[in-house]
Amino acid sequence: MNDQVRFYKPFVSPLDPCPPILVKSYSTPPQLFISFQPPNLPQFTPFEALKYGTLWPSLFSPYSSKHDREEEGD
């Protein structure tokens, strides 16, 4: 499971005509938790950096579709 995806249970009204969504998810990107660039931060190799889209592994955030995130919360 990806620790950058958080889940919560929204309020479900008995009067809502739509089918309820029992668990919702949202992504928290790693940039939220790094206030400044620490010295000697590990780096990907140039090939890996192009593959992952960032030079620093601590800023890598894997993409998963919304459908995948909903299944993890069940």
Side-chain angles (χ1 to χ4, degrees):
M1 183 172 141
N2 182 3
D3 61 346
Q4 296 175 7
V5 177
R6 310 280 169 89
F7 299 94
Y8 69 98
K9 296 179 181 179
F11 173 74
V12 177
S13 172
L15 304 176
D16 192 358
C18 300
I21 299 174
L22 301 178
V23 177
K24 290 190 175 188
S25 64
Y26 61 97
S27 176
T28 55
Q31 299 90 310
L32 295 176
F33 305 107
I34 299 177
S35 58
F36 59 93
Q37 184 176 343
N40 301 322
L41 199 61
Q43 295 182 353
F44 284 127
T45 64
F47 178 77
E48 289 175 322
L50 288 172
K51 179 180 174 184
Y52 294 120
T54 182
L55 184 59
W56 299 280
S58 58
L59 293 178
F60 173 66
S61 180
Y63 174 79
S64 62
S65 69
K66 184 177 177 183
H67 179 69
D68 293 341
R69 286 186 296 217
E70 288 174 354
E71 288 178 353
E72 288 179 6
D74 294 341

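Remember, it's a predicted structure, so these values are computed and weren't measured experimentally. Worth knowing before you read on, the calculation uses all heavy atoms, side chains too, and leaves out hydrogens, waters and symmetry mates.
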Validation: residues 7-23 side-chain donor-acceptor distances under 3.5 Å, sequence neighbours left out:
{"residue": "S13", "atom": "OG", "partner": "L15", "partner atom": "N", "Å": "3.1"}
{"residue": "D16", "atom": "OD1", "partner": "C18", "partner atom": "N", "Å": "3.3"}

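- Expressed to the nearest 0.5 Å, how far CG of L59 lies from OH of Y52 amounts to 14.5 Å.
- With sequence neighbours excluded, the residues that form a side chain to side chain contact (heavy atoms under 4.5 Å, CB included) with S58 are I34, L41, W56.
- The minimum heavy-atom distance between P57 and Q43, with the atom names listed, is CD-CA, 4.0 Å.
- The number of heavy-atom neighbours closer than 6.0 Å to CZ of F47, taken from other residues, nucleotides and ligands shown, is 12 or below.
- In this structure a side-chain-to-backbone donor-acceptor pair under 3.5 Å is present from T28 to Q4.
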